[in-house]
Chemist: 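The structure that follows is given in the form of structure tokens.
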Amino acid sequence: MWIGKALLVGALLTTAAAPVTPAQDTTLRVKMSGSGVDTLNPFLAFFNGALDIFGTIYPSLNSLDENGKPGPYLATEWTQGPDQLTWTFKLREGLKWSDGRPITAEDAAWTLELIRTDSVAGTANGSLVSNFERVTAPDPTTLVIKTKKPQANVMYVSIPISGIPIVPKHVWEPHVKELKDYKNDAFPVVGYGPWTLTDHRPEQYARFDANKGFVLGAPGFDHLVQQSFKESDAAVAALRSGQLDYINGVNPTQFTALKADSSLLAVQEVGNGWTGIELNPGARTRSGKPIGTGHPALREQVVRDAIALAIDKPTLVTKVINGLGQLGHGYLPPAWPQWSWKPAPEEEHVFDPAKANQLLDAAGYTKGADGVRVDPKSGKPLAFRLGTHSDDSADAAISTYLVGWLEAIGVKLTIQPLSMSALNSDLAKGDWDILMDGWTTGPDPTYLLGIQTCATLPKDDGTGGNTEAYYCDKDYDALFERQLTTADPAERATIVAEMQRTLYKANVDQILYYANTLDVARTDTVKGIVTGTPNADGLHPAQTAFWSYLKAAPPTATKAGAPGGSGGGTAVWLGLGALVIVAVGGTLVLRRRKTAGDRE
């Protein structure tokens, strides 16, 4: 471990001295989302690292401004017809995919229709088009979306990162039959956006070239490299040494230390995601077939309620994130206040281990000689597996608290540190009891609310599932459909609040806190990467990689030999990617499901 770190730091120091000149190309070097990239296939992906890439290399119908409002991108204007069911988008003329083929409305119609009609294509984003009746392209610059019922969020269905990316039909159509296995890893990837993906090495890096003719403005850098790090300390070391320009999401301890460095810009964003635990309520397929190895006691509401009462959330906010965030309640984060929800005082799960013990006593969960309660139905002790992300310091701290708090109510937890892929593999198979979890979301709540619906349970053959925690409730599903088709913002917010109340009472997902996103950038190598006006508390609005990386630019021409200067960065950085793997290869340090979030 220590030898590996020494090698890494040494490499950073020796490679930083590569001579450069102002005439060379410039490279923006950033830390990749800690979730990594699950796949380069946008029909299947839901890790932040992949979604950031898709928002960078594929277009969408709409963009988002800094306040989260829909703006132009492929579409320059959009109108809702008198029937309230027909949306017409006028698309730009003259745009071309990176292989020179024209971008037309047919590409958009084909993408959306495939997701609507094919269960594999709808794995990641099917809930966003569940109310669509059909999508057509009457001419190359006109897209028509017909919905089954009036729909409030059509402008948010295809937006960068948190919505559906539009892909080139001529590239993807030949792969429809093999879609669940198609990797999309022929470089450069054919797309259109501010950047073109020219290379990707799993768990190492993604490299991009700027699209200087991008319709919404040319990127300020010639190249972009997103570097994966096995340890957050290694990323901070790279930032300090000048081999990294920007980190979106350091931990609170690192933020405090970096904030004191006058050469760095350290800012906070309002949290656009949550950290919590999910409890297995009985994993099953859409047909109701039980799957997995989840503990049967977690199917019982009283057990989940007792666990909620045993957790001291204020202590987690204070001790784990140093107060840099808010107490968790509702399923939607404070970055989007129009959807924010808190329970009424009489409904709130306040830390009360005595009440938790009373609930379990009354329900017949008696304690054995070892102090662990026994499930009266199955005869099994209340001994649960707690899956954590093995590379995440917050998970490690939270899990230690949870073990002690649940022991006080007669529940035993066994911590199981897991890699990002292993954790999600266990979730998909139902082979888990309790998991550390976290998601982020954009300004429209449909996707995040949608992964709690029955429709996202897997089929019996294992396909089509993108469920959050195997939650399925028909009343919740009815509310989901209502919010989707309610045009009045205030009425829709009321329905969304009721959905969050339903989830809160179910206690399948227990939201612990909303951490502020902590950003740090070098002031000598990059400017403009943090956008938006801070609020009264000094917190910036939630950022998206699309605008941050587009607006970022070198502050001045860099002198030859300066750390982190323009040019020379490509060869140095790719070498560093390989070195990071070697340097930490002897230690189990793996990805977390969500850092800045699994869903932007």
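The chain is numbered in sequence order, starting from 1.
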Chemist: Side chains of residues 492-501: which donor-acceptor partners sit under 3.5 Å, not counting sequence neighbours?
Modeler:
from: Arg492; atom 1: NE; to: Gln483; atom 2: O; distance (Å): 3.0
from: Arg492; atom 1: NE; to: Gln483; atom 2: OE1; distance (Å): 3.0
from: Arg492; atom 1: NH1; to: Asp444; atom 2: OD1; distance (Å): 3.1
from: Arg492; atom 1: NH2; to: Asp444; atom 2: OD1; distance (Å): 3.1
from: Arg492; atom 1: NH2; to: Thr446; atom 2: OG1; distance (Å): 3.2
from: Arg492; atom 1: NH2; to: Gln483; atom 2: OE1; distance (Å): 2.8
from: Thr494; atom 1: OG1; to: Ala490; atom 2: O; distance (Å): 3.1
from: Glu498; atom 1: OE1; to: Arg501; atom 2: NH1; distance (Å): 2.8
from: Gln500; atom 1: OE1; to: Tyr331; atom 2: N; distance (Å): 3.0
from: Gln500; atom 1: OE1; to: Leu332; atom 2: N; distance (Å): 3.0
from: Gln500; atom 1: NE2; to: Trp339; atom 2: O; distance (Å): 2.8
from: Arg501; atom 1: NE; to: Glu347; atom 2: OE1; distance (Å): 3.4

Chemist: If I compare all heavy atoms of Asn251 with all of Ser393, which pair ends up nearest, and what's the gap?
Modeler: ND2-OG, 3.9 Å
Chemist: Can you tell me if Tyr447 and Asn466 form a side-chain donor-acceptor pair at under 3.5 Å?
Modeler: yes
Chemist: Are a donor atom and an acceptor atom from the side chains of Asn248 and Glu269 found within less than 3.5 Å of each other?
Modeler: yes
Chemist: Got Asp392 and Met436 here, is their nearest side-chain heavy-atom distance under 4.5 Å?
Modeler: no
Chemist: How many angstroms lie between atom CG of Asp395 and atom CG of Leu423, to the nearest 0.5 angstrom?
Modeler: 8.5 Å
Chemist: Just by distance, with hydrogens left out, do Gln543 and Thr517 show a side-chain donor and acceptor under 3.5 Å apart?
Modeler: no
Chemist: Which heavy atom in Trp405 sits nearest to a heavy atom in Ala310, and how many Å separate them?
Modeler: CB-O, 3.2 Å
Chemist: When rounded to the nearest 0.5 angstrom, what distance separates OG1 in Thr315 from CD1 in Ile398?
Modeler: 12.0 Å
Chemist: Test your reading of the model: is there a side-chain donor-acceptor pair from Asn535 to the backbone of Asp537, 3.5 Å cut-off?
Modeler: yes
Chemist: Taking side chain as C-beta onward, heavy atoms only, is Leu386 less than 4.5 Å from Asp433?
Modeler: no
Chemist: Might you point out which heavy atoms bring Met155 and Ile159 nearest each other, and give the distance in Å?
Modeler: O-CG2, 3.5 Å
Chemist: Please check if the side chain of Arg304 supplies one atom and the backbone of Ala506 the other of a donor-acceptor pair under 3.5 Å.
Modeler: yes
Chemist: Are the side chain of Thr400 and the backbone of Ala396 linked by a donor-acceptor contact shorter than 3.5 Å?
Modeler: yes
Chemist: Counting N and O atoms only, with roles assigned by atom type, does the side chain of Thr486 sit under 3.5 Å from a partner on the main chain of Asp488, one being a donor and the other an acceptor?
Modeler: no
Chemist: Main chain of Leu28, side chain of Asp245: is a donor-acceptor contact present, judged purely on distance under 3.5 Å?
Modeler: no
Chemist: Compare every heavy atom of Ala552 with every heavy atom of Val526, then report the nearest pair and how far apart it is.
Modeler: CG2-CB, 3.8 Å
Chemist: Is the closest side-chain heavy-atom distance between Pro252 and Leu518 below 4.5 Å?
Modeler: yes
Chemist: Quick one: which of Leu61, Leu143, Leu128 gives a side chain to side chain contact (heavy atoms under 4.5 Å, CB included) with Ser158?
Modeler: Leu61
Chemist: With rounding to the nearest 0.5 angstrom, report the NZ to CD distance, Lys149 to Glu481.
Modeler: 6.5 Å
Chemist: Looking at CG of Asn125 and CD1 of Ile451, how far apart are the two atoms once the value is rounded to the nearest 0.5 Å?
Modeler: 11.0 Å
Chemist: So, do Tyr73 and Phe214 have ring centers that fall under 6.0 Å from each other?
Modeler: yes
Chemist: Is the Tyr549 to Phe208 ring centre distance short of 6.0 Å?
Modeler: no
Chemist: Glu278 side chain to Ile434 main-chain N or O, any donor-acceptor pair under 3.5 Å?
Modeler: no
Chemist: Find out whether Pro333 and Thr441 are in side-chain contact, i.e. whether some heavy atom of one side chain is under 4.5 Å from a heavy atom of the other.
Modeler: yes
Chemist: For residues Phe43 and Val120, determine if any side-chain heavy atom of one lies less than 4.5 Å from a side-chain heavy atom of the other.
Modeler: no
Chemist: Aromatic contact between Phe46 and Trp439, with the criterion being ring centroids under 6.0 Å apart: yes or no?
Modeler: yes
Chemist: Could you check whether any side-chain heavy atom of Thr27 comes within less than 4.5 Å of a side-chain heavy atom of Phe221, counting everything from C-beta outward?
Modeler: no
Chemist: Is a donor from one side chain sitting under 3.5 angstrom from an acceptor on the other, for Gln452 and Asp473?
Modeler: no
Chemist: Of all heavy-atom pairs between Gly271 and Asn516, which one has the smallest distance, and what is that distance?
Modeler: N-OD1, 4.0 Å
Chemist: To the nearest 0.5 Å, what is the distance between NZ (Lys230) and CD (Glu203)?
Modeler: 3.5 Å
Chemist: Quick one: does Tyr504's side chain have a donor or acceptor within less than 3.5 Å of a partner on His349's backbone?
Modeler: yes
Chemist: For the atom pair OG (Ser33) and CG (Leu51), what is the distance rounded to the nearest 0.5 Å?
Modeler: 8.5 Å
Chemist: Between Phe54 and Asn41, what is the shortest heavy-atom contact and its length?
Modeler: CZ-C, 3.8 Å
Chemist: Between the main-chain N or O of Pro72 and the side-chain N or O of Ser63, is there a donor-acceptor pair closer than 3.5 Å?
Modeler: yes
Chemist: Within the 4.5 Å heavy-atom criterion, are Ser228 and Arg201 side-chain neighbours or not?
Modeler: no
Chemist: Given 3.5 Å as the limit, does a donor-acceptor pair link the side chain of Asn280 with the main chain of Trp432, or not?
Modeler: yes
Chemist: Just by modelled atom types, is the Leu418 backbone N or O under 3.5 Å from a matching donor or acceptor in the Ser390 side chain?
Modeler: yes
